[in-house]
Amino acid sequence: MDAIISMCTLDTLTKAAANLKRGGIVAFPTETVYGLGVDATNEAAVHRMYQVKGRPADHPVIVHIASKDDVNYWTQNVPDYAVNLMRDFWPGPMTLLLERSENVGDFITGRQSVVGIRIPDHVIALNLLNSFKKVGGKGIAAPSANRFGAVSPTSAAAVKAELEEYLAPDDQILDGGQSIIGVESTIIDCTKANPIVLRPGAVTAAMIEQSTGIVLTTPESEAPRVSGSLTQHYSPNAFVRLGVDAAAGDGFIALEAIATPAGAIRLASPKTDEQYARELYAALRAGDEQQLESIWIVPPTGDGLAVAIRDRIERASNYSDSCQVEGI
Ligand code: TXA
Ligand code: MG
């Protein structure tokens with residue numbers, strides 16, 4: 001695999017777009033986390049991307065597009081409230097699940113009738129999408145650029161560490177610095193009368209209600225499958241535990257105001273929820289690099305972005321608990 005490409009000029013992005021068109025894999029930065037991109041109309045490329053990720057083949061993947069004009073190619077019967085959401089939050093950390101058009105392959109949706117669409121808010125992602133469009137590309141299918149079930153990468157170095165051994169010589173990793181948001185996009189099911197949040201993110205419930213004028217209800221059991229909503233997900237190798245009972249040598253993550261337990265290794269001290277989201281995954285990776293057995297986390301309280309941070313922390317800790325129970 002090529003080295004990480006750090007200076008992403010227009011020329012680099014034109015080459016990366018051509019690489020995608022040939023069926024190559026291009027990992028790219030977004031404002032949420034890094035994505036593992038392939039041509040969303042190329043079934044073989046999507047299959048290879050799934051192999052690199054180690055993800056089961058029947059899982060759906062988000063299609064990233066350059067502009068709202070591209071929505072119609074992939075979807076149909078878009079409800080008015082979804083148009084409001086697009087107007088208010090795209091480009092941005094929001095994925096809409098919409099009724100798919102006949103252009104969408106089963107290999108994108110896991111055979112479901114809905115497709116996930118997002119316009120990311122990152123200059124490199126948007127320029128890559130526009131360059132891809134110029135060579136006839138319709139959209140870039142991209143899951144988070146981590147092995148299935150692991151922590152999403154928020155830097156090019158983290159992508160390399162996760163996937164280098166699985167990528168081919170011509171695949172590329174574009175470096176766009178640290179992801180500014182740090183947790184994955186809000187996923188909103190827009191196939192029902194009202195929007196349903198399937199994965200919380202930086203577009204919060206209050207923002208969605210404000211944009212749509214609709215009061216949100218809790219998810220329905222028949223909602224489409226979202227692999228990121230498996231209770232075991234986003235997990236480091238260390239056992240993740242909630243609270244302040246860290247022993248000497250354990251990792252510890254909490255807001256700055258919360259003191260480090262004696263002998264624990266402080267992995268992050270965010271001052272705000274925004275900083276918490278931005279630093280969480282890098283802190284979990286740092287704990288794994290130091291081969292810590294346990295990482296103790298005090299989740300943030302309250303609404304807004306704190307909901308998404310708690311969601312990811314709880315999933316990381318669920319995984320650890322079930323491993324412990326099974327003695328793995
Ligand atoms: O912020 C993000 O959303 C990042 C960046 C790269 O865009 N992407 C990301 O993708 O987190 P991924 O695949 O790791 O998580 C997306 C989730 C998965 O759980 C997937 O199952 C779900 O969205 N999803 C995607 N398309 C879907 C569809 N058509 N129906 C139901 N769920 C879908
Ligand atoms: Mg993911």
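Side chains are part of it too, since the values below use all heavy atoms of this structure and drop only hydrogens, waters and symmetry mates. Positions are given from 1, in the same order as the sequence printed here. Counting starts at 1 for both ligands and their atoms, following the listed order.
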### Under-4.0 Å heavy-atom contact with ligand 1, by part of Val115 that carries it
backbone
### Task
Answer yes if the ring centres of His122 and Phe28 are under 6.0 angstrom apart, and no otherwise.
no
### Task
May I ask you to check if ligand 1 and Ser185 share an N or O to N or O distance below 3.5 Å?
yes
### Task
Classify the contact between Arg100 and ligand 1 as side chain, backbone, both or neither, using a heavy-atom distance cut-off of under 4.0 Å.
neither
#### Entry: is_close_aromatic(Tyr50, His59), centroid dist under 6.0 Å
no
#### Entry: Where at least one partner belongs to residues 172-185, residue pairs that pass salt bridge (charged side-chain N to carboxylate O under 4.0 Å, His left out), sequence neighbours excluded
Glu184-Arg312
### Task
Mark up the atoms of ligand 1 that fall under 4.0 Å of a heavy atom belonging to Thr32, in ascending order.
1 (O), 2 (C), 4 (C), 5 (C)
### Query
If we only count N/O pairs under 3.5 Å, is Arg55 in contact with ligand 1?
yes
### Message
Quick check on the Mg ion (ligand 2): does Ser152 put an N/O/S atom closer than 2.8 Å to it?
### Response
no
### Query
Under 4.0 Å from any heavy atom of Val33, which atoms of ligand 1 are there?
4 (C), 6 (C)
### Message
Does ligand 1 come near enough to Ile187 that some N or O of the ligand is less than 3.5 Å from an N or O of the residue?
### Response
no
### Query
Between Asp311 and Arg315, is there a salt bridge with N-O shorter than 4.0 Å?
yes
### Query
Thr109 to ligand 1: N or O pair under 3.5 Å?
no
## Note on the structure
Per-atom filter on ligand 1: closer than 4.0 angstrom to a heavy atom of His64 are 5 (C), 6 (C), 7 (O)
### Message
I'd like to know if the side chain of Ser211 and the backbone of Ile208 have a donor-acceptor N/O pair within less than 3.5 Å.
### Response
no
### Task
Give yes or no for whether the N/O distance cutoff of 3.5 Å, strictly under, is met between His59 and ligand 1.
no
#### Entry: Structural part of Ile108 in contact with ligand 1, heavy atom criterion under 4.0 angstrom
neither
Show me the donor-acceptor pairs within less than 3.5 Å that the side chains of residues 35-42 make with the rest of the protein, sequence neighbours left out.
from: Asp39; atom 1: OD1; to: Thr41; atom 2: N; distance (Å): 2.8
from: Asp39; atom 1: OD1; to: Thr41; atom 2: OG1; distance (Å): 2.7
from: Asp39; atom 1: OD2; to: Thr41; atom 2: OG1; distance (Å): 3.3
from: Asn42; atom 1: OD1; to: Ala44; atom 2: N; distance (Å): 3.1
from: Asn42; atom 1: OD1; to: Ala45; atom 2: N; distance (Å): 3.0

### Task
Any atoms of ligand 1 less than 4.0 Å from a non-hydrogen atom of Gln112? List them with their elements.
30 (N), 31 (C)
### Task
Report the member of Glu31, Arg111, Met94, Arg199 with the shortest heavy-atom distance to atom 11 (O) of ligand 1.
Arg199
### Residues Arg118, Glu31: salt bridge by 4.0 Å N-O rule
yes
### Message
Does ligand 1 come near enough to Ser144 that some N or O of the ligand is less than 3.5 Å from an N or O of the residue?
### Response
yes
### Query
Do any N/O atoms on Arg118 end up under 3.5 angstrom from N/O atoms on ligand 1?
yes
### Query
With distance as the sole test, does Ser144 use its side chain to make a donor-acceptor pair with the main-chain N or O of Asn146 at under 3.5 Å?
no
### Task
Check each atom of ligand 1 against the heavy atoms of Gly35 and keep those under 4.0 Å away; list them by number with element.
6 (C)
### Criterion side chain to side chain contact (heavy atoms under 4.5 Å, CB included) on Phe239 and Arg241, from CA distance to verdict
CA-CA 6 Å; Phe239 292 136; Arg241 301 159 195 273; 3.6 Å; yes
### Query
Is the shortest distance from a Lys or Arg side-chain nitrogen in Arg278 or Asp273 to a carboxylate oxygen in the other one below 4.0 Å?
no
### Lys/Arg N to Asp/Glu carboxylate O, Lys53 vs Glu162, below 4.0 Å
no
